[in-house]
Student: 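I'd like to ask some things about the structure below.
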There are 2 protein chains.
Amino acid sequence: MDMKVGRLRASGPKRKRGPGRPQKSANGDDARERILDAAENLFAHHGLDAVSVRDVARKAHVDTALVHYYFATKRGVFDAVFQRRAAILNKERIAMIDAYEAAPGPGGVTVEGLIEAFLSPLFDASVKGGPKWKDYFALIAQVNNNPDWGGETMARFFDPVIRHLIAALRRALPSARDEDLFWSYHFLSGALTLTFAQTGRIDLLSDGLCKSTDFAAASARLSRYIAAGFEAVCVSRSIVRKRTK
Amino acid sequence: MDMKVGRLRASGPKRKRGPGRPQKSANGDDARERILDAAENLFAHHGLDAVSVRDVARKAHVDTALVHYYFATKRGVFDAVFQRRAAILNKERIAMIDAYEAAPGPGGVTVEGLIEAFLSPLFDASVKGGPKWKDYFALIAQVNNNPDWGGETMARFFDPVIRHLIAALRRALPSARDEDLFWSYHFLSGALTLTFAQTGRIDLLSDGLCKSTDFAAASARLSRYIAAGFEAVCVSRSIVRKRTK
DNA sequence: CGAATAATTCATCACCCGGTGAATTTTTTG
DNA sequence: CAAAAAATTCACCGGGTGATGAATTATTCG
């Protein structure tokens, strides 16, 4: 009986910098990068399961075998796409929160200020960063709402930043309960990711008055909306809470 | 030349009540119903594209051909699942909004009261209605965040109720702009559907303090959270708006 | 140049997919 | 009971899927 023998080929070549490099290196037109871009775009717009490795390869003008050469498996492609922009983003977001806490406006640290610091790198990237960043955020929206492996994946990449935000919120709202903070963040997460998902939903609902792609409009409202939600839920209402619980 | 001839077989049998009925009819154990239940569960937990017709048939203890006999295509199965509970739900939600507007508490109609009327049939069904209803709501979460056809599908089934809610909110907040109302609803929609998606995300983030399955806890917070968001965004701040716009 | 190494392609495998037409079985009707 | 109709199964098709090993091309290094 021949059991399925595990793949021996490692996940891609040894990445030493020197020898045998591809056509272009300083340029962003490596085949590897093209594959990631193609996958990012397709996964974001159609979901992981609706896109085949062949689709990705075709869009990247590359043979399917090359995709497996670099990333071993389809899930490997996905992970690489997901990871590529996460690190940059997370560093910025933590820096923004810290900077705001170190020098808030007159009146001190507010919930809205913290939320805005937490969100601004995302909206900045999606507005100024070009379509690839928009694709990336749409991809995150997909993952965040995936019931299979979404929760685990999001936790792996984004929990540090989020815990950082929640710690800061805890300082800004000393009377808040942790459950209230976590649920409030959960609602924020849902509102944010649906906005990033660009489903065209709001376009249809509003008969064209609002556009899914108009992140500036979303950004102008979201921080205020969410901050008000946090304050309404997290600021001492223990009497009411006991009644509803 | 033989062009692909359209399917001649109609989408299922003639549904007259009399002849040739299956094993059980009054009971909910029809094969047709079993297929819908199986599909509902699988689509909700894994997404439409990750589930095959064979998976559904296997779970329903039925041949794949029977699935096509009743629903013609995989998408047909999905539509039937989606539609099955939508009508019931929408009728209840409109009734709740109307009832609340007709007899609000002392102090008149509030945003929180409207939101709660709008949401309560959902949480009621998911808490009291058993696991099939939870599956259904998880399925809605999938659809709402699907960038391909989610926006259009949600619009087709739920826009009437939502427009009804927004009309009521417009009466409760006469100074609100429509863009603000639509964006505010959009955020509500995202927060709600991520909650229904049951991704386990909040469980991991909170180290088990909060549970994705605890709809009672979510329900206890969501209306207040969202109402505060609506009021913060939609109540006259035209001076500020002009600056950010 | 020529050897070494990385990048890329080619041909292919075993399997799963959605869907269909023709039997076959079950149920209802007269 | 027989005839009719509905429900269900069986066998199958064409095509797509993720993945792989061997061959081929491009690049770098000595």
Side-chain angles (χ1 to χ4, degrees), chain A residues 1-27 29-35 39 42-43 46-58 60-79, chain B residues 2-27 29-36 39 42-43 46-58 60-79:
Chain A
M1 46 161 70
D2 54 347
M3 306 206 44
K4 186 168 190 125
V5 56
R7 60 170 20 259
L8 298 181
R9 176 198 300 166
S11 61
K14 300 147 207 135
R15 295 301 287 161
K16 61 170 162 177
R17 200 181 295 98
R21 290 283 295 295
Q23 310 153 338
K24 313 185 178 183
S25 61
N27 192 339
D29 208 22
D30 281 7
R32 203 188 119 100
E33 216 68 14
R34 278 200 328 267
I35 293 169
L42 291 172
F43 289 158
H46 310 293
L48 176 65
D49 293 303
V51 173
S52 70
V53 176
R54 283 166 167 82
D55 293 333
V56 173
R58 196 175 309 127
H61 303 291
V62 146
D63 190 280
T64 49
L66 192 63
V67 177
H68 286 102
Y69 172 71
Y70 280 118
F71 305 104
T73 115
K74 182 181 177 179
R75 183 59 195 264
V77 178
F78 174 87
D79 286 341
Chain B
D2 55 346
M3 305 207 43
K4 186 170 191 126
V5 57
R7 62 171 16 260
L8 298 181
R9 176 197 303 167
S11 61
K14 301 146 206 136
R15 296 302 283 161
K16 59 171 162 176
R17 200 181 295 101
R21 290 284 291 295
Q23 309 153 341
K24 314 182 178 185
S25 63
N27 191 340
D29 208 23
D30 280 8
R32 204 189 118 100
E33 216 68 14
R34 282 204 320 272
I35 293 170
L36 289 177
L42 291 172
F43 289 157
H46 310 294
L48 176 65
D49 292 304
V51 173
S52 69
V53 175
R54 282 166 167 81
D55 293 334
V56 173
R58 196 176 309 125
H61 305 290
V62 146
D63 190 278
T64 49
L66 192 63
V67 177
H68 287 104
Y69 172 71
Y70 279 117
F71 305 104
T73 122
K74 182 181 178 179
R75 183 58 196 262
V77 178
F78 174 85
D79 286 342

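Note that the structure is a prediction, hence the values are computed from the model and not measured. Chain A is the first sequence line, chain B the second, and so forth, proteins listed ahead of strands; every chain is numbered from 1.
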Student: With a non-hydrogen cut-off below 4.0 angstrom, is Val51(B) in contact with a base, only sugar-phosphate, or nothing?
Tutor: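 The answer is sugar-phosphate, as Val51(B) gets under 4.0 Å only of primed atoms, P, OP1 or OP2.
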
Student: Is it the case that the base of dG16(D) and the side chain of Arg54(A) share a donor-acceptor contact (distance under 3.5 Å, atom types as modelled)?
Tutor: no

Student: Grab the CG-C1' distance between Asp55(A) and dA19(D) for me, whole Å please.
Tutor: 16 Å

Student: Hey, which of these two, Asp63(A) or Ala50(A), hits DNA chain D nearer its 5' end, going by closest nucleotide?
Tutor: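 Looking at the nearest nucleotide for each, Ala50(A) comes out on the 5' side.
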
Student: How long is the line joining CG of Leu48(B) and P of dC17(C), in whole Å?
Tutor: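 For the pair Leu48(B) CG and dC17(C) P, the rounded distance is 13 Å.
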
Student: Given dT17(D), dG19(C), dT9(C), which nucleotide is nearest the side-chain atoms of Thr73(B)?
Tutor: dG19(C)

Student: On a heavy-atom basis, which atom in Val62(A) and which in Val67(A) lie closest, and how many Å separate them?
Tutor: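 Taking Val62(A) first and Val67(A) second, the nearest heavy atoms are CG1-CG2, 4.4 Å.
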
Student: Does the side chain of Asp49(A) come within less than 4.5 Å of His46(B)'s, by heavy atoms?
Tutor: no

Student: Between atom CG in Leu66(A) and atom P in dA11(C), what is the gap in whole Å?
Tutor: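 That distance rounds to 17 Å.
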
Student: State the CG-CZ distance between Asp63(A) and Arg58(A), to the nearest 0.5 angstrom.
Tutor: 11.5 Å

Student: Using a 4.5 Å cut-off on heavy atoms from C-beta on, say whether the side chain of Val56(B) contacts that of Val51(B).
Tutor: yes

Student: Taking the minimum atom-to-atom distance to the side chain of Ala65(B), which one of dA7(C), dA19(D), dT20(C) wins?
Tutor: dT20(C)

Student: Between dC10(D), dT8(C), dG18(D), which nucleotide has the shortest distance from any of its atoms to the side chain of Tyr69(A)?
Tutor: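 The answer is dT8(C).
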
Student: Using only side-chain N and O atoms of Ser52(B), determine if any of them is under 4.0 Å from OP1 or OP2 of dC17(C).
Tutor: yes

Student: From CZ of Phe71(A) over to P of dA19(D), roughly how many Å is that when rounded to an integer?
Tutor: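 Roughly 13 Å, once rounded to whole Å.
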
Student: Taking NE2 from His61(A) and C1' from dA7(C), how many angstroms apart are they, rounded to a whole number?
Tutor: 18 Å

Student: Under 4.5 Å between any side-chain heavy atoms of Lys74(B) and Leu48(B), yes or no?
Tutor: yes

Student: Over how many whole Å does the gap from Phe78(B) atom CZ to dG19(C) atom P extend?
Tutor: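 Nearest whole value for this atom pair: 15 Å.
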
Student: So if I take every side-chain heavy atom of His68(A) and compare against dT9(C), dA7(C), dA19(D), which nucleotide ends up nearest?
Tutor: dA19(D)

Student: From CG of Asp49(B) over to P of dC17(C), roughly how many Å is that when rounded to an integer?
Tutor: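 To the nearest whole Å, that distance equals 13 Å.
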
Student: Can you tell which of dA6(D), dT9(C), dG18(D) lies closest to the side chain of Lys74(A)?
Tutor: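 Comparing dA6(D), dT9(C), dG18(D) against the side chain of Lys74(A), the answer is dG18(D).
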
Student: Please report, rounded to the nearest Å, how far the P atom of dA19(D) is from the CD1 atom of Ile35(A).
Tutor: 14 Å

